[in-house]
Each structure stands twice: as structure tokens, then as C-alpha cells.
Amino acid sequence: MNKRFLQNVRFAPANSSFPLSLNDFFHLKSKAFLVHKLSESTDLFLTSSLQSSILKLGFASDNFTVNRLINSYVKLRETNTARKLFDEMPEPNVVSWTSVISGFNDTGQPQTALSVFQQMHEDRSVAPNEFTYASVFKACSALAESRIGKSIHARLEMSGRRSNVVVSSSLLDMYGKCNDVETARRVFDSMIWCGRNVVSWTSMITAYAQNARGHDAIQLFKTFNADTLTLDRPNQFMLASVISACSSLGRLQWGKVAHGVVTHGGYETNHVVATSLLDMYAKCGSLSCAEKIFLRICCHSVISYTSMIMAKAKHGLGEAALQLFDEMVAKRIRPNYVTLLGVLHACSHSGLVNEGLGYLNSMVEKHGVVPDPRHYTCVVDMLGRFGRVDEAYALAKTVEVGAEQGALLWGALLSAGRLHGRVDIVGEASKRLIQSNQQVTSAYVALSNAYAVAGGWEDSESLRLEMRRGGNVKERACSWIEIKDLVYAFHAGDLSCDESGEVVRFMKDLEKRMKERGHRGSSSMITASSSVFVDVDEEAKEEIVSLHCERLALAFGLIHLPAGSTIRIMNNLRMCRDCHEAFKLISEIVEREIVVRDVNRFHCFKDGSCTCRDFW
DNA sequence: GTAGGGTTAG
């Protein structure tokens, strides 16, 4: 062996599992061998050793070899070294540019990826190819940056370059992530010319699922399965998105069917699929199934723990959620901002107010998570629910917030003011919402009612007039219940079900029993029940606390309530400060376990006729 | 040689 050559190769420490055999050293002069080793390298020490050889052997000016070296560093997430090599290239080619762009994407630096693309555009010496465009659209997706994405899309169209399935998939994914579902669909439809594969179908299903178009997502999944042109079968990516669509619709039966497909396809052990199933069961009211899935996950992540914490929190099991959080921290799984939102949510929905404040104040110090407006909104909501409205207001005023997140913050305060009859707080929150052009209709209605309650009828009337002139029409709130595999919908103000009969009798009985137990919020149940014509109650109906449908239907079946009544009771119970206590009591009355589910995120469906059978 | 899709909040 050439002694001088060996001096150029850095050797690994004695205890390292260095991936070059003695035999390999005899081939180190060969460019093909170096390139081959680079593509295999999963070891920074090996890649840097190979780099030394490349330099010494005079391959530094060879684009092909240097590109391989750049790719090797990119795979090792050493983007700074990759960038340095790139910057030193006298004439980088399109692969060099694209490798660097894709490297920044893969290491969570999409902004830098876009700036490299911009530099490439200004440089003008090399034209981007399909690979470059696919990487750039991916960067735009990560940033949800539709303005830049659209201009690059236009540049691609003008270049006359034919799009392929990968470029089009990344393009439609970008539009989906930027909430432009219609353009995403147009791209998907245009793909009939370049062909579609399981990735493009998944991207479109995901675009629907992530943009509150769950029915369209499921419809497209059905079309995919019926499509005779594709030989692809649903894989773990597609199933995770379909399950997410079922969650967003709150359709337990569809979710169960999707679970069947998961089991049939052998994807139950995939942790992303399992997490989406967990979330689906929790959102569709079946906490016990969610827990079963959670216990089966062998390799837990921050997301699986966060989903389970959130599930318990939403089902009113605050202490169990906090216990799970402790377990997660003990396992050294680092919580993120969503986990802390779950923890605060747990405190908020279980009356653990001081604990919640403690978590908010120690987030940075203990978990390294800086509270953002969403965390403050959760705490404002928590303080407001438990009557500490002034503290909630004081906290809200300290939060620096944009219009969109401000709507949530001041919306939470508005609810608190309304719940506790604080006209001043309702007025303040409503004004802020109207000024920032957010939730204007809700704010007008709340403010008008607040004036009316305080006796300011003229102010109230003039506000209503102003609201009508501005064309602000209140959308009708809608709730629904799934019994077996059929869905029944009920609109606010719809009096088709017997309001004054069995529902009110049931509520009065519940109120009596709660008073006997010393609970104080019960009077608002009947107030809400009997004031369905007042706008403030219409507002309240948008913030629905729902019950586990199937069990509840069975439960209420025992006391012969019509199916629609359950929805009325749910809406009325939402007004009750001790609603979890009320649920417990109902469980005892009907001798069935009842699980609470929060359907705030769900969207009004239009088609109640779909059943499990025509889904699959 | 380089490229695309999935799960967690409100």
C-alpha cells in the first residue's frame, strides 16, 4: 500500500466501528469506489475521511464527485459543511443546487432552501429541473407560503417544462398546506396527463382532511379504491389521513371501518397510524378504545403522549392527564408546545386552576417551552370558566397577539364575561373583536345582549341595526348525533323536538338532584333550556359539549327520550358550570358510563345519509 | 447523482 496515500486517510479511534475494511484501502484511489462509499456512508467520520481523499487525489473540481460528497453531508444533516462545499464549487450544476436546497428542507430550514433557490434564479447560469421544483414546492409547503409558491408555479409553467408526478404531487401538497384546496384539486385533476400514484392521491386526501373537508377526503378515498387504473393499495400514509378525516367528522362508524382497513393491511404497528387511530377514537367519544390503542403502541413519541393527554383532558379526566404528563417526562420524552396546551386544557376542564397557573409559569424553566398566545388563551379560558374573570382580563391585556389568534383570546374572554354576567368584560372583548374585524357577528350579538341585560335597550337596538346594515348575518349553529351508523342533525332554533316536554322534565330532575348534592351551577341549565329564543343562547350553542353518541343514545333510550333530545340536553348542559358533575349524575341515573366529547372543531355536515356500508 | 405524501391544539 502506498504509505504516502495512507497518511491522507484519517483513521478512526481504536474503539470505533470504522466502516472501511483493510481491503477497501487498496481501492481508495478509485473515483468510482470513493463515490460508492460516499453513497453508503452513515458515518460522519467516514465521509470526512473520504473528503480528505477526494481533495488529495484532485477530484475537488469534479462536479459529480463533489455532488456526491454534498449529498453525503446532507444525509448526515451537516448542512453547513454541505453549503461550504457548494460555495467553493467554481461551476455548480443543477444537481449541486438541488442537493443543497433539498438538504435545507430535510433539516427543517425551508426559508434557507428558498433563499438558495432565489440565488439560483438570480445567478441564471443553471436552470432548475423537475427535482429542483419538487424541492422548492416542499419548502413552500413547510412555510405555508402560497404567495411565493404561486409565483414559482407560474415560473414553472412559463418554462415550458413538463411536469411529472412528483412535481405535481408536491405542488398540490403545497396548495393544500396553504389552505387553497380548490387549486390543489385543479392540480390533481390535471394530473390525468402525467399519471397519478398513491402519493398524489394521498396528497389530495390530506389536503381535504386538513382543510375541514372530511367528506370530500372520504369520497376521494372511495374513488381511489374503485379506480381501476391504479394498482396501488392504501398504505400507511393514506390511512393516517383518512382516519384523521373520520376524526374531524366525528364519525365513529367510519373510523371503525378505517381501523378494519388498517388491520387488514397490517399497518396497526405503524406509530403514525396508531396515533391517528388513538386520536380518532378519542374525538369520536370512545376513550376506552383510545386507551387500548395507546397501550399497544410500543415506541411512544411526544405525539402519542400528547394525543392521549389531550384525550383525557377533553373527557374531563384532568388528573389522569397530568399523571400521564409526569410519566412522559419521567421517560425523558420532551414535551412540545402542543403537549403543554394539552396540560393546560386538562387543568381548565377539570377545575385545576392553580395547577394550571403553575404549569404556565414554569413552562420555560422546567420544559423549555415558551408560552405563546395559544397557551395564554387556554389560561384565560380556564380563569374565566371558574369565575376569575378579572384575572383573566388582566392576563389577556398582557398578551401581544395578531388578529387571528387575538380572536381566540378575546373570544375566550367574551365567553367568560357572558357566562358570569359581566357586561363590562363582554363589552371590552366584543369591542376588541369588532375592531380587529374578527368574529364580528358573534361580537355584535354578545355586545347587543350585554347592553340589553344592562338596560341599554337603545344601544342594543342601534347595534343590531348597525350589524344588519353591515350585512352581518348569524349562521345557524348545528349539532348532530350519530346513532348506529346514521346521523341526525339539529339546527339552533329548530323546535321540531319536544322542548317543553321530556327534555325540560329531565333537566329539572337533574337540577334537583344536583342541588341535593350541593352543586351551584344547576340553575343555569333550566335558564338555558327555557331561553332558546335569545341570541345569547344561540351563541352558546356553537360551543357545544357533546356526549358519546352511541352509548348516550342507548342510555337515553332507557328513559324513552326522543333521539333529538340528547342534543338539546348537551347544549343546555354546556351552560352548566358543573357540567362534568351533571354527566356523572346522568351516568348514575341511567346506569351507564357516559363519555364527554368536545366537538368544537367539527364542521357541520350536509349529508346525513351516508352509512358504513356505502363507505366501503 | 438530486425529488413528492401521513399523526398531536383551537
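In the text below, chain A, chain B and the rest are named by the order of the sequence lines, each starting its count at 1. Side chains are part of it too, since the values below use all heavy atoms of this structure and drop only hydrogens, waters and symmetry mates. In this text, all values refer to a predicted model and were calculated from it rather than measured experimentally.
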Reckon [X] has a side-chain N or O less than 4.0 Å from the OP1 or OP2 of [N]?
X      : N      : value
A:Q210 : B:dT7  : yes
A:K177 : B:dG5  : no
A:S102 : B:dA3  : yes
A:H345 : B:dG10 : yes

Rounded interatomic separation in angstrom, taking [atom1] from [X] and [atom2] from [N]:
X      : N     : atom1 : atom2 : result
A:D381 : B:dA9 : CG    : P     : 16 Å
A:N211 : B:dG6 : CG    : P     : 12 Å
A:I333 : B:dT8 : CD1   : P     : 18 Å
A:E268 : B:dG6 : CD    : P     : 22 Å
A:M238 : B:dT7 : CE    : C1'   : 16 Å
A:H300 : B:dT8 : NE2   : C1'   : 14 Å
A:I309 : B:dT7 : CD1   : C1'   : 15 Å
A:M328 : B:dT8 : CE    : C1'   : 10 Å

What's the closest nucleotide to the side chain of [X] if the choices are [options]?
X      : options              : answer
A:D106 : B:dT8, B:dG4, B:dG6  : B:dG4
A:K314 : B:dG5, B:dG10, B:dG4 : B:dG10
A:S276 : B:dG5, B:dA9, B:dT7  : B:dT7
A:D279 : B:dG5, B:dG4, B:dA9  : B:dA9
A:L341 : B:dT8, B:dA9, B:dG4  : B:dA9
A:V199 : B:dA9, B:dT2, B:dG5  : B:dG5
A:S244 : B:dT2, B:dG10, B:dT7 : B:dT7

Margin query: Please list all pairs meeting salt bridge (Lys or Arg N to Asp or Glu O under 4.0 Å) that have one or both residues in residues 97-115 of chain A, counting only residues at least two apart or in different chains.
Written below: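 Residue pairs passing salt bridge (Lys or Arg N to Asp or Glu O under 4.0 Å), neighbours aside: A:D106-A:K138.
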
What nucleic acid atoms does [X] come within less than 4.0 Å of, heavy atoms only: base, sugar-phosphate, or nothing?
X      : answer
A:V167 : nothing
A:R374 : base
A:D372 : nothing
A:N105 : nothing
A:N63  : base
A:V35  : nothing
A:Q236 : base

Kindly list each side-chain donor-acceptor pair under 3.5 angstrom involving residues 374-382 of chain A, sequence neighbours excluded, with atom names and distances?
residue: A:R374; atom: NE; partner: A:D372; partner atom: OD1; Å: 3.4
residue: A:R374; atom: NE; partner: A:D372; partner atom: OD2; Å: 3.2
residue: A:R374; atom: NH2; partner: A:D372; partner atom: OD2; Å: 2.6
residue: A:H375; atom: ND1; partner: A:D372; partner atom: N; Å: 3.0
residue: A:H375; atom: ND1; partner: A:D372; partner atom: OD1; Å: 3.3
residue: A:H375; atom: NE2; partner: A:Y337; partner atom: O; Å: 2.9
residue: A:T377; atom: OG1; partner: A:P373; partner atom: O; Å: 2.7
residue: A:D381; atom: OD2; partner: A:R385; partner atom: NE; Å: 2.9
residue: A:D381; atom: OD2; partner: A:R385; partner atom: NH2; Å: 3.4

Notebook entry, point to check: Hey, are A:T132 and A:N129 close enough side-chain-wise for a donor-acceptor pair under 3.5 Å?
Noted result: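 Short answer, yes.
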
Notebook entry, point to check: Is the closest side-chain donor-acceptor distance between A:H215 and A:Q219 under 3.5 Å?
Noted result: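 Absent: no donor and acceptor within the cut-off.
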
Margin query: Apply ring pair (Phe, Tyr, Trp, His ring centres under 6.0 Å) to residues A:Y305 and A:F294 and explain how you reach the verdict.
Written below: CA-CA 8 Å; A:Y305 262 101; A:F294 180 75; 5.3 Å; yes

Margin query: Between B:dG4 and A:N197, counting only base atoms on the nucleotide and side-chain atoms on the residue, is there a donor-acceptor pair under 3.5 Å?
Written below: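 Side chain to base: pair present.
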
Item checked: Side chain A:S241 and base B:dG6 donor-acceptor under 3.5 Å ->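 Absent.
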
Next item on the list: Check the angle between the aromatic planes of A:F117 and A:H121 and answer parallel, tilted or perpendicular using the 30° and 60° thresholds.
Entry: parallel

Item checked: Lys/Arg-Asp/Glu bridge criterion (N-O < 4.0 Å) met for A:E182, A:R186 ->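 A:R186 and A:E182: not salt-bridged.
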
